[in-house]
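Just below is one structure, and these are the notes that go with it.
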Amino acid sequence: MPLGLKKRDFLLIGIAILILAFLLQAPPESTSRVPFDDDHKQYYDIVKKQGKKAAEKFCEECHNPDTVPFPEGHPAKYRCLFCHKMQPS
Ligand code: HEC
Ligand code: HEC
């Protein structure tokens with residue numbers, strides 16, 4: 001085998017490619033951005049200082065079926081900021 005790769009290594013590479021393909025197909029550029037308004041302004045600061053994961057914890061305080069419902073057929077809800085980008089500053 002060239003480079004000493006084993007069958008198992010090719011399997012792992014294949015799995016890695018599949019995961020990458022899955023992640024890359026997710027964020028189409030058309031996904032609406034997080035508004036820069038009074039509801040969302042504070043999260044721009046949190047993202048900058050503590051990262052996206054820290055900010056996302058708060059999204060569902062409002063974005064839930066009772067307060068601000070998601071549009072019908074909304075994809076998986078975790079990791080909001082993976083798909084919804086912040087406004088360019
Ligand atoms: C205090 C309540 C509140 C919190 C917390 C909140 N949102 Fe919102 N969000 C709203 C409301 C109300 C709207 C609809 C009105 C508007 O566009 O501002 C909205 C709209 C949106 C929209 C749609 C904008 C558009 O173009 O239609 C996105 C995307 C969004 N929020 C993402 C987020 C994300 C991501 C977080 C967490 C970082 C978050 N929101 C946290 C209240 C909130
Ligand atoms: C896998 C990608 C993905 C994730 C993760 C995701 N969304 Fe969305 N979201 C979309 C798409 C696609 C739409 C429909 C197109 C659009 O309006 O942006 C949408 C629409 C919305 C809308 C309505 C926007 C409008 O214009 O009316 C809101 C609000 C929203 N998402 C908030 C959130 C919040 C809050 C989270 C995290 C709890 C989240 N989304 C996670 C992809 C995603």
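Order of appearance sets the numbers: ligands from 1, and atoms from 1 within every ligand. Predicted model, so just to flag it, every value in this text is computed and none were measured.
Considering backbone and side-chain atoms alike, H84 places every N or O at 3.5 Å or more from each N or O of ligand 1.
Comparing heavy-atom distances from atom 8 (Fe) of ligand 1 across M86, H40, E60 singles out H40 as nearest. Here the shortest heavy-atom distance to atom 20 (C) of ligand 2, taken over R79, E56, K57, H74, belongs to H74. Across the listed options R33, E72, H63, H63 owns the non-hydrogen atom lying nearest to atom 35 (C) of ligand 2. Closest to atom 24 (C) of ligand 2 by heavy atom, among C62, S32, P35, is S32.
Closest of all the heavy-atom pairs between A55 and V47 is CB-CG2, 3.5 Å. Shown here for C62 and T67, the closest heavy-atom pair between the two residues is O-CB, 3.1 Å. A pairwise comparison of heavy atoms in M86 and L81 identifies SD-CD2, 3.6 Å as the closest pair. Between Y44 and V34, the shortest heavy-atom distance links the atoms OH-O, 2.5 Å.
The nearest protein atom to atom 42 (C) of ligand 1, hydrogens excluded, is given as D39 OD2, 3.6 Å; this is a heavy-atom distance. Looking from atom 18 (O) of ligand 1 to the surrounding protein, the closest heavy atom is D37 OD2, 2.8 Å. Protein heavy atom at the shortest distance from atom 36 (C) of ligand 1 is C59 SG, 2.9 Å.
Remark: L5 CG to L11 CG distance equals 12.5 Å, nearest 0.5 Å. The structure places SG of C80 at 6.0 Å from CD of E60, a figure rounded to the nearest 0.5 Å. Taking OG from S32 and NZ from K85, the interatomic distance works out to 12.0 Å, rounded to the nearest 0.5 Å.
Screening Q42, K41, H40 for a side chain to side chain donor-acceptor pair (under 3.5 Å) with D38, the sole residue that qualifies is K41.
Close approach to V34 involves these atoms of ligand 1, each under 4.0 Å from a residue heavy atom: 35 (C). Atoms of ligand 1 found under 4.0 Å from any heavy atom of F58, numbered from 1 in the order shown, are 5 (C). Shown in contact with L81 at under 4.0 Å from a heavy atom are these atoms of ligand 1, numbered in order with element: 35 (C).
Only side-chain heavy atoms of Y43 come within less than 4.0 Å of ligand 1; its backbone N, CA, C and O stay farther off. With a heavy-atom cut-off of 4.0 Å, T67 does not touch ligand 1 at all. Neither the backbone nor the side chain of E61 comes within contact range of ligand 1; no heavy atom lies under 4.0 Å.
Of the protein's heavy atoms, none falls inside 4.0 Å of atom 14 (C) of ligand 1. There is a protein heavy atom less than 4.0 angstrom from atom 6 (C) of ligand 1.
The closest donor-acceptor contact from the side chain of R33 to the backbone of Q87 lies at 3.5 Å or more, if one exists at all. Without hydrogens or angle criteria, K53 side chain to Q50 main chain gives no donor-acceptor distance under 3.5 Å.
Cluster membership for F22 and I19, using ILVMFWY side-chain heavy atoms within less than 4.5 angstrom, is shared.
Among the backbone and side-chain atoms of C80, none of the N, O or S atoms lies under 2.8 Å from atom 8 (Fe) of ligand 2. For a distance bound of 2.8 Å, the N, O or S atoms of C83 include none lying that close to atom 8 (Fe) of ligand 2.
In this structure, F82 has no heavy atom closer than 4.0 Å to ligand 2.
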* For N64 and F70, what are the C-alpha separation, side-chain angles and deciding distance, and is it a side chain to side chain contact (heavy atoms under 4.5 Å, CB included)? -> CA-CA 7 Å; N64 60 58; F70 289 97; 5.6 Å; no
